[in-house]
There are 2 protein chains.
Amino acid sequence: MSPTQARSTTTRARILSAAQAQFAKDGYERATIRAVASLAGTDPALVIRYYGSKEGLFAAATHFDLCLPSLDHVAHADIGETLVRHFLALWEGNPADPSLRILLRAAVTHAEAATRIRGLFAEQVLPAIRVVAPDRPALRAGLVASQILGLALCRYILEVPPLVDMKPDDVIACIAPTLQRYLAAPLDGGFTANA
Amino acid sequence: MSPTQARSTTTRARILSAAQAQFAKDGYERATIRAVASLAGTDPALVIRYYGSKEGLFAAATHFDLCLPSLDHVAHADIGETLVRHFLALWEGNPADPSLRILLRAAVTHAEAATRIRGLFAEQVLPAIRVVAPDRPALRAGLVASQILGLALCRYILEVPPLVDMKPDDVIACIAPTLQRYLAAPLDGGFTANA
DNA sequence: GGCTTAAGTCAACGCATGTTGACTTTTGCG
DNA sequence: CGCAAAAGTCAACATGCGTTGACTTAAGCC
């Protein structure tokens with residue numbers, strides 16, 4: 001790669017990084033191309049040249065992977081805890097991946113972002129859960145998603161007081177048994193009778 | 001009330017109703033005063049005259065009450081189910097109250113809406129839960145909120161496939177035991193050791 | 001009936017946005 | 001060096017927004 005190509009690559013990366021920061025902070029509609037360019041130390045026109053449009057920039061800023069661990073070699077009793085721990089690390093890791101924050105902030109008003117989240121669910125969460133919960137995996141994965149996303153919403157977006165201040169290990173201790181039940185509860189009896 | 005006052009009251013109500021519909025559908029930033037006025041069959045200027053600004057219109061469109069039932073006369077074992085059932089009715093009732101949908105859609109990017117949700121939590125959810133779970137009520141209420149909001153997010157906003165298609169009674173059967181555990185689980189042992 | 005006040009309408013302003021095209025600067029290569 | 005292509009910059013456009021003020025219409029009251 002020639003030096004001049006390297007420079008453009010660097011600029012593109014700076015723009016993408018700035019875009020992720022702005023989308024994560026302000027959501028899709030409040031984030032502006034001008035603010036992204038300013039944060040990246042460049043020009044709005046360059047942002048458009050490299051990413052085509054605001055939509056294209058958003059798509060590029062949210063291409064990522066949940067990196068779910070394979071659950072089939074985890075002790076059955078530890079699957080719930082493994083899942084919460086993984087998602088907490090995703091949100092709070094150093095550096096934290098901003099993509100989930102971006103996606104969650106945007107998905108509420110942006111149809112394509114919502115589709116993307118459903119895609120993550122169908123292509124990454126559901127398959128991982130299918131291998132450890134072969135009966136009604138979609139239902140179980142959906143319940144897991146509702147608790148995980150609800151936790152993320154309250155802790156990282158809405159900042160509901162008791163949840164935002166908890167230590168990660170305490171969050172794990174509270175949430176893990178819920179996921180464990182969603183994954184392992186028998187279908188007859190106390191779970192869901194019909195359907 | 002004179003007929004002319006009655007007319008203005010009707011118009012104000014039509015505007016408010018249209019605003020709720022638009023905010024619920026599009027979120028705060030995508031909803032426009034012009035669209036609200038058009039849906040209400042009136043003029044944008046009138047919207048501003050009656051509600052001062054877009055912020056004022058939003059504030060008026062989200063003044064509401066969770067109408068939580070008093071839990072102190074519910075059998076202990078039924079509190080979880082009572083709560084889910086109540087929130088499901090709030091979202092799906094006929095007519096469904098659009099306020100929660102509006103608030104959830106907006107809170108993700110609108111600071112004041114997020115504050116409003118925290119206010120609902122502190123002033124309505126927390127007190128109701130305090131009377132049935134006197135030890136660490138804030139923690140328990142926070143966990144309940146995370147599951148309820150996560151369910152609402154997945155079922156009504158993101159429309160994650162397995163959750164959006166479930167019958168209300170099945171949702172209740174799945175979620176109620178989770179809330180029950182959050183409210184009634186002993187603090188030592190499997191819940192959260194320290195903190 | 002005519003005057004006062006409120007209800008409703010219209011056109012316009014100022015502003016911020018995404019996006020475009022022409023321009024200038026820098027780089028790589030013969 | 002000198003040219004071609006790429007990287008980067010600038011000013012401007014068109015559009016849609018919230019909001020404003022002047023205007024017109026209708027209603028209530030003496």
Please identify each residue that fulfils salt bridge (Lys or Arg N to Asp or Glu O under 4.0 Å) with B:E29, with sequence neighbours left out. A:R30

For B:E92, check salt bridge (Lys or Arg N to Asp or Glu O under 4.0 Å) against everything at least two apart and list the hits. B:R155

Side-chain atoms of A:T11 come closest, of D:dG8, C:dT19, D:dG18, to D:dG8

Is the cationic atom of B:R140 (NZ for Lys, CZ for Arg) positioned less than 6.0 Å from the six-membered ring centroid of B:Y182 and within 45 degrees of its normal? no

Return the set of residues passing side chain to side chain contact (heavy atoms under 4.5 Å, CB included) with A:P127 (not counting sequence neighbours), or none when no residue passes. none

5' priority, DNA chain C, between B:G41 and A:I48 [closest heavy atom]: B:G41

Here the side chain to side chain donor-acceptor pair (under 3.5 Å) pairs for residues 77-86 of chain A, sequence neighbours left out, are A:E81-A:R85

Does B:A35 reach a base, just sugar-phosphate, or nothing at all? Heavy atoms under 4.0 Å. nothing

What is the per-nucleotide protein-contact pattern of nucleotides 10-15 of chain C, from the 5' end, where B denotes a base atom under 4.0 Å from a protein heavy atom, S denotes such proximity for sugar-phosphate atoms only, and - denotes neither? B-B---

Could you state the atom-to-atom distance from CD1 of A:I33 to P of D:dC13 in whole Å? 21 Å

A:Y50 OH to D:dA7 P, straight-line distance once rounded to whole Å: 5 Å

Pairs flagged by ring pair (Phe, Tyr, Trp, His ring centres under 6.0 Å) wherever residues 14-48 of chain B is involved - sequence neighbours left out: B:F23-B:Y28, B:F23-B:F58, B:Y28-B:F58, B:Y28-B:H110

